[in-house]
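Beneath this line is the structure, given in structure tokens, with notes to follow.
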There are 2 protein chains.
Amino acid sequence: MLGTRERILTSTGELFRRQGYNGTALKQVTALADAPFGSLYHHFPGGKEELAEAVIKSSGQAYQTLFELIEDAAVDPGSAVTDFFDGAAAVLEQTGYVDACPIGTVALEVASTNDRLRQATAEVFASWVDTAARRLASHGVAPARSIELATLLVAAVEGGFMLSRAARSPEPMRASGRLLRELVESELATVRTVTTTT
Amino acid sequence: MLGTRERILTSTGELFRRQGYNGTALKQVTALADAPFGSLYHHFPGGKEELAEAVIKSSGQAYQTLFELIEDAAVDPGSAVTDFFDGAAAVLEQTGYVDACPIGTVALEVASTNDRLRQATAEVFASWVDTAARRLASHGVAPARSIELATLLVAAVEGGFMLSRAARSPEPMRASGRLLRELVESELATVRTVTTTT
DNA sequence: AGCGCTCTAGAGCGATCGCTCCAGAGGGTG
DNA sequence: CACCCTCTGGAGCGATCGCTCTAGAGCGCT
């Protein structure tokens, strides 16, 4: 069994994915983590806010690693896009549309009510966009253009989670992935043409 | 002054946009609406859940009307896309990134915790997708393809709200709009070519 | 053994939650 | 005028919230 701190962290992330920040009670966290209440405040003296910040940062990092693993395994950037969107859709289906992004729900909840947590979510999104943009740029896409594309990819993933969970259907997520793959591939085709002709 | 029921409805929508479902207390609603607590339960005997369902449906309808007005005013579907995304970005900037989609935050919060409200949000999303898809189809895009494009548009709007609010910047919303305009226009160009050559 | 630090354990606090309940204002109808 | 029904007005209920507090278990060090 993992350490108490790690169990609290992962349990909180799990509950945030299902019911968000305000919908998750700390008693629920300790029950799921099988940890005493005192331990929670020992490891996170700042209470719910500090715990949430730690969860945002650590699960943001975990998702970024997932991005990178999928992209490394894919044969080209276009199929990396569909791999990722289809993978997210599959996880949604398998978990009864429960297991989604642990950042998204919290990000909307705290955007106008808690500046510390808002900033934490902003940093995670920025780091995701940055990661995806670097990959695109390494395939020859212009830097500014890469950032735009990466931003749309992240926005569409989050919106896809929202629509797919609401409809209890993997289609919104999958359809978004298909179209964005086309967009990325046509962008790369442009790059190749330009590179070839100059 | 509007009737009490309408004031409660619009006040709830306003609070949902900023702080979501779980983050909004009914006392806060009655204070903002300047309505007595008893009136809330007179007009919405089902309590918070019934009130939320009414807010979801009515503000979903309001946003759909906004979609249609912008598209009617635009010279072509491509500029309708950027008009809408730029308009949303401008509203965010003007309101201090407070005034966003009243459905989005609630949709994620209730997706796995309240089936009645989940279904209400799903119906609103479906109706938005349907509206946008009909417009695209009326310009010659194949029905199935229109639905895919419309789904991505709605997902990107919601994701754009999330990223822009977290970063307190209009750029994610604007960038998404610019790229999606290109996608829509290249789709329409394909349609024109096919129509012309056959 | 004796000491000290980290961490576990959970009772219980004040505040706030959604909600119930009832008294009465207001106005149309006979 | 008397009556009734819609709606206003707000006190206060039980439950639950985030959080504090204290007691002690476990372990390494001297």
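The structure presented is a predicted model; accordingly, all values stated were derived computationally and were not measured.
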Would you please say whether a donor-acceptor pair under 3.5 Å links the side chains of B:Thr82 and B:Arg181?
-> yes
Output the residues of residues 41-59 of chain B in contact with DNA chain C, where contact means a heavy atom of the residue under 4.0 Å from an atom of the strand; sort by number or write none.
-> B:Tyr41, B:Gly47, B:Lys48
Decide yes or no on salt bridge (Lys or Arg N to Asp or Glu O under 4.0 Å) for A:Glu68 and A:Arg134, but give the supporting numbers first.
-> CA-CA 11 Å; A:Glu68 291 167 351; A:Arg134 279 175 202 276; over 6 Å; no
Any protein N or O atoms within reach of nucleotides 12-16 of chain D? Criterion: under 3.5 Å, listing atom names and distances.
from: D:dG12; atom 1: O6; to: B:Lys27; atom 2: NZ; distance (Å): 3.0

Can you check the B:Leu26 CG to C:dC21 C1' distance for me, whole Å?
-> 16 Å
Fit a plane to each ring of A:Trp128 and A:Phe67, take the angle between them on a 0 to 90° scale, and name the class: parallel (under 30°), tilted (30 to 60°) or perpendicular (over 60°).
-> perpendicular
Does B:Asp99 come within less than 4.0 Å of B:Arg165, counting only side-chain N to carboxylate O?
-> no
Return the value, rounded to whole Å, for the distance between atom CZ of B:Arg5 and atom C1' of D:dT6.
-> 14 Å
A:Lys48 with A:Glu53: basic N within carboxylate O range, under 4.0 Å = no
Side chain proximity check, B:Val141 to B:Val184, heavy atoms < 4.5 angstrom | no
Taken to the nearest whole Å, CD/A:Glu6 to C1'/C:dT8 is 16 Å
Could you tell me whether B:Arg178 and B:Glu182 make a salt bridge, using a distance below 4.0 angstrom between a side-chain N and a carboxylate O?
-> no
Does a donor on one side chain sit under 3.5 Å from an acceptor on the other, for B:Asp76 and B:Ser79?
-> yes
Quick one: label B:Thr30 by what it contacts on the DNA or RNA (base, sugar-phosphate, nothing), any heavy atom closer than 4.0 Å.
-> nothing
Rounded distance (Å) that lies between atom P of D:dA11 and atom CG of B:Leu40 | 17 Å
